[in-house]
Amino acid sequence: MSKKRMFRVSAPSGVRLMISMLILIAILLGNIMRHHGERDVFYYFCIIWSVFCSAVFIISVYRTYVMKPGLMEMDQDGIVINGTEINAEAVACLLINDDKKRVIGIKPKGRKLVPLKLCFTFAEEQTEAIRQLETWAQEHHVKICPKYYPALFK
């Protein structure tokens, strides 16, 4: 494998996450409005939780709609995604979901979660890109785990 293989990648769609965060924010704001006169622990907990949900919503909107697609390069040493290089020896496994628009997560050794910067979808030539990625994984003895999307975070 002497030549570098390059593919355009983008952040996975966060529409489900955005919808769930909006629902949570609406419920929390309803609780805040209802308990406005009582300033107890539950009131402040709802405020803190709604700020957290708002931050998650904003990050998800940014990753889904604002972030521009980047590049992924596969070569002999490892994989480079948007400037983040990970060696083949440092990869615990590749997680690939079985959805229509496949989400790929590269889980580094010693990590419980897949970092957001190593979670992506292929912007174009999805079938060919996944085939090339699976070939790269087999050549470097990296385990491939076909999983559903939430398993990227196990």
Side-chain angles (χ1 to χ4, degrees), residues 1-29 44-154:
M1 184 166 83
S2 60
K3 68 174 190 167
K4 288 186 177 184
R5 293 173 276 192
M6 298 176 74
F7 296 98
R8 290 175 46 86
V9 295
S10 61
S13 174
V15 173
R16 290 185 209 160
L17 180 63
M18 286 185 274
I19 292 170
S20 62
M21 286 299 116
L22 283 176
I23 292 170
L24 259 173
I25 291 167
I27 291 169
L28 289 167
L29 288 177
Y44 292 109
F45 174 76
C46 285
I47 290 175
I48 291 169
W49 194 243
S50 64
V51 168
F52 174 75
C53 290
S54 299
V56 170
F57 176 78
I58 291 168
I59 290 169
S60 184
V61 167
Y62 174 78
R63 285 183 50 83
T64 302
Y65 298 113
V66 178
M67 244 174 82
K68 294 186 180 358
L71 286 177
M72 182 195 77
E73 297 178 39
M74 291 181 277
D75 60 13
Q76 291 177 335
D77 299 331
I79 296 176
V80 179
I81 301 171
N82 296 328
T84 303
E85 184 175 350
I86 183 163
N87 290 328
E89 296 84 30
V91 176
C93 65
L94 289 177
L95 298 163
I96 303 172
N97 76 346
D98 290 326
D99 204 6
K100 179 174 59 175
K101 182 79 171 172
R102 289 187 165 177
V103 178
I104 293 94
I106 300 175
K107 185 175 172 184
K109 289 182 180 174
R111 299 284 303 259
K112 297 257 185 217
L113 301 174
V114 174
L116 280 177
K117 61 186 173 185
L118 297 178
C119 185
F120 59 92
T121 60
F122 289 106
E124 51 202 31
E125 301 175 2
Q126 179 178 344
T127 308
E128 175 64 20
I130 289 175
R131 191 180 65 71
Q132 292 282 334
L133 186 62
E134 288 172 343
T135 303
W136 178 90
Q138 289 173 354
E139 290 173 358
H140 291 88
H141 308 292
V142 174
K143 186 170 81 171
I144 299 174
C145 302
K147 299 285 185 177
Y148 179 67
Y149 183 76
L152 292 174
F153 303 103
K154 285 187 177 178

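For clarity, every value in this text was computed on a predicted model and none was experimentally measured.
Under the 3.5 Å distance criterion, the side-chain polar atoms of S60 are matched with a main-chain donor or acceptor of G14. A donor-acceptor distance shorter than 3.5 angstrom exists from the side chain of D75 to the backbone of D77, with no hydrogens or angles considered. A donor-acceptor pair under 3.5 Å is absent between the side-chain atoms of N97 and the main chain of I104, judged by distance alone. Remark: side-chain polar atoms of T64 are not paired, donor with acceptor, to backbone N or O of V61 under 3.5 angstrom.
Not counting sequence neighbours, the partners of T121 by the side-chain hydrogen bond (donor to acceptor under 3.5 Å, both in side chains) test are S10. For E128, the salt bridge (Lys or Arg N to Asp or Glu O under 4.0 Å) partners two or more places apart in sequence, or in a different chain, are R131.
With values rounded to the nearest 0.5 angstrom, T135 atom OG1 is found 11.5 Å from I130 atom CD1. In this structure, CZ on F52 lies 10.0 Å from CG on L24, to the nearest 0.5 angstrom. Note that CZ of R16 is 9.5 Å distant from CD1 of I19, once rounded to the nearest 0.5 Å. Within the model, atoms CZ of R8 and NZ of K68 stand 10.5 Å from one another, a figure rounded to the nearest 0.5 Å. Within the model, atoms CD of E73 and CD of E85 stand 9.0 Å from one another, a figure rounded to the nearest 0.5 Å. Note that the CG atom of N82 and the NZ atom of K117 stand 10.5 Å from one another [nearest 0.5 Å].
The shortest heavy-atom contact between P108 and L118 is CG-CD1, 3.8 Å. Heavy-atom minimum distance, S50 versus I25: O-CG1, 4.3 Å. Taking every heavy atom of both residues into account, V142 and A88 meet most closely at CG2-O, 4.0 Å. Across P12 and C119, no two heavy atoms sit closer than the pair CD-O, 3.5 Å. Of all non-hydrogen atoms in K107 and K112, the two that sit nearest each other are CE-O, 3.8 Å. Listed here is the closest heavy atom pair of A11 and M67: CB-CE, 4.3 Å.
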**OP:** List the steps and the verdict of side chain to side chain contact (heavy atoms under 4.5 Å, CB included) for V91 and H140.
**Re:** CA-CA 10 Å; V91 176; H140 291 88; over 6 Å; no
**OP:** Take E134 and I144 through the side chain to side chain contact (heavy atoms under 4.5 Å, CB included) test and state the conclusion after the steps.
**Re:** CA-CA 7 Å; E134 288 172 343; I144 299 174; 3.7 Å; yes
**OP:** Please report the C-alpha distance between I79 and L133 in whole Å, then the side-chain angles of each, then the deciding distance to 0.1 Å, and finally whether the side chain to side chain contact (heavy atoms under 4.5 Å, CB included) criterion is met.
**Re:** CA-CA 10 Å; I79 296 176; L133 186 62; 3.8 Å; yes
Original post:
Step by step, would you call T127 with F122 a side chain to side chain contact (heavy atoms under 4.5 Å, CB included)?
Top reply: CA-CA 9 Å; T127 308; F122 289 106; over 6 Å; no
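Shown are L17, I23, L22; of these, the side chain to side chain contact (heavy atoms under 4.5 Å, CB included) with S20 is made only by L17.
Between L94 and I106, the closest side-chain pair of non-hydrogen atoms falls below 4.5 Å.
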